[in-house]
Protein chains: 2
Amino acid sequence: MALTPLQQEFVLHFGEMGSRWGINRTVGQIYALLFLSPKPLNAETITDALAISRSNTSMGLKELQSWNLVRLRHFPGDRRDYFTTPDDLWEIVRTLVAERKKREIDPTLIKLRELEMQGSAGDDYAEARISELRELIEMMTGFYDEMEKLETERLVKLMTLGGKIAGLIDKASGAFPALTKRS
Amino acid sequence: MALTPLQQEFVLHFGEMGSRWGINRTVGQIYALLFLSPKPLNAETITDALAISRSNTSMGLKELQSWNLVRLRHFPGDRRDYFTTPDDLWEIVRTLVAERKKREIDPTLIKLRELEMQGSAGDDYAEARISELRELIEMMTGFYDEMEKLETERLVKLMTLGGKIAGLIDKASGAFPALTKRS
DNA sequence: CAGAAGTTTCAGAAATTTCTGAAATTAATA
DNA sequence: TATTAATTTCAGAAATTTCTGAAACTTCTG
């Protein structure tokens with residue numbers, strides 16, 4: 001399968017960005033290719049579209065599956081595995097955020113709680129800083145949990161409220177005088 | 001400077017997480033050390049606390065400076081550079097998010113716009129997908145820009161609104177019947 | 001200006017990650 | 001059950017990233 005110039009450039013960009021996103025070039029390219037493909041692709045097709053080894057494709061797909069970023073499909077009379085990305089971009093974003101939280105935040109939250117439990121015998125500053133950090137992360141992950149629960153439609157509304165957000169917050173929480181415009 | 005067991009474990013954890021966060025072990029460790037230190041530290045002190053080479057410390061600090069994650073301090077009669085992290089954790093989070101956006105999102109947004117400009121001659125599906133992705137990222141970065149503008153106090157309120165958020169959104173945007181409880 | 005103190009640069013060494021080809025494994029079909 | 005097709009595993013090769021020590025540079029001080 002030869003790539004169109006548009007696909008080509010998109011795929012190469014995702015490959016290059018891969019390292020900044022915590023995945024490798026191949027994984028980025030495979031994902032990009034699937035993302036732009038209207039039909040599910042099998043490993044063989046991916047291998048030759050990207051000019052990589054068959055084993056590299058296999059590992060890349062395994063990695064993408066561990067991120068829940070691809071869906072497996074089958075066709076009657078063909079026993080090869082075919083892969084796609086979800087049509088719904090919001091679903092993709094939700095997965096991406098959930099997985100990054102799991103890998104980048106949760107382990108640290110666990111570690112911070114551990115460190116607080118075991119105490120510190122006189123290292124008061126460090127203990128306070130760790131505890132403050134743990135609280136902040138808990139607040140943010142709590143907020144994330146709420147966002148996660150919202151239907152896409154509400155999420156879109158929230159995101160497009162623009163300048164109205166500040167006022168809303170104030171109304172919802174009994175505005176703190178110093179923050180309101182009048183007085 | 002010998003580390004307390006608490007500092008030690010925190011520093012090692014941040015070192016290990018470094019690779020998942022897109023920085024290297026040393027950079028993670030230096031940051032962790034500064035974060036827990038009540039006083040600014042100079043390069044020499046960092047070097048021996050972490051048992052790394054002086055040049056590695058220099059590179060790590062440079063990297064942290066490029067992320068705007070450390071502040072430079074000086075003391076009278078001492079011409080060495082001393083480094084700290086901000087006391088305010090919210091400031092740290094804001095910086096972190098801004099820098100990650102700059103490195104992980106902005107280049108892709110630019111690339112997507114480029115690809116849309118140059119068109120595609122018949123690759124309709126890819127073109128539609130790219131355009132949809134670009135729109136979604138624009139919506140999210142627009143929302144980020146709004147959040148970014150909020151004072152920390154309002155941000156905290158928003159994050160701790162809990163279950164009230166859905167109702168708020170509905171009220172603010174003339175609730176969509178299908179989403180409200182009544183009817 | 002000469003020397004000392006502090007910092008950065010940089011080429012190569014060390015470590016780590018990614019990728020490949022070959023072999024092994026799994027599963028379907030004859 | 002033997003054969004074929006598809007996929008995975010894995011040891012080592014290749015590429016990349018990180019780290020170090022030595023040299024270069026910068027800035028201050030006597």
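Each chain gets a letter, A, B and so on, in the order its sequence line appears, and its residues count up from 1. Keep in mind that the numbers below use all heavy atoms, side chains included, and drop hydrogens, waters and symmetry copies.
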Less than 4.0 angstrom from a charged side-chain N to a carboxylate O is my criterion; do [X] and [Y] meet it?
X: B:E116; Y: B:R113; answer: no
X: B:E104; Y: A:R100; answer: yes
X: A:E148; Y: A:K101; answer: no
X: A:R25; Y: A:E16; answer: no

For DNA chain C, which residues of residues 15-47 of chain B approach it to below 4.0 angstrom with any heavy atom?
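Going residue by residue through residues 15-47 of chain B, none turns out to have a heavy atom under 4.0 Å of DNA chain C.
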
Are the aromatic rings of A:Y82 and A:F75 close, with centres under 6.0 Å apart?
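For A:Y82 and A:F75, the ring centres are under 6.0 Å apart.
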
At a cut-off of 3.5 Å, list every protein nitrogen or oxygen paired with a nitrogen or oxygen from nucleotides 23-25 of chain D, distance to 0.1 Å.
none

Okay, side chain of B:T95, backbone of B:E91: is any donor-acceptor separation there less than 3.5 Å?
yes

Face-on cation placement of A:R103 at A:W67 ring, 6.0 Å and 45° thresholds
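That pair qualifies as a cation-pi contact.
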
Both A:M59 and A:D78 contact DNA chain D. Which one's nearest nucleotide lies toward the 5' end?
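Final value for this comparison: A:D78.
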
Please identify the 5'-most and 3'-most nucleotides of DNA chain C with any atom under 4.0 angstrom from a heavy atom of chain A.
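The protein-touched segment is C:dT18 to C:dA28.
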
Side-chain donor-acceptor contact under 3.5 Å, B:S173 with A:R154:
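Not at all, the side chains of B:S173 and A:R154 share no donor-acceptor pair under 3.5 Å.
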
Assign B:R80 to base, sugar-phosphate, or nothing according to its heavy-atom contacts below 4.0 angstrom with the strands shown.
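Sugar-phosphate, backbone atoms only, no base.
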
Over 60° means perpendicular and under 30° means parallel, so tell me whether B:H13 and B:W21 are parallel, tilted or perpendicular.
perpendicular

Nearest whole Å is fine: how far is D:dT27 P from B:D81 CG?
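Rounding to the nearest Å, CG of B:D81 and P of D:dT27 are 11 Å apart.
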
When clusters are formed by joining ILVMFWY residues with side-chain heavy atoms under 4.5 Å apart, either directly or through shared neighbours, do B:M139 and B:I110 land in the same one?
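No: no chain of side-chain contacts under 4.5 Å links B:M139 to B:I110.
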
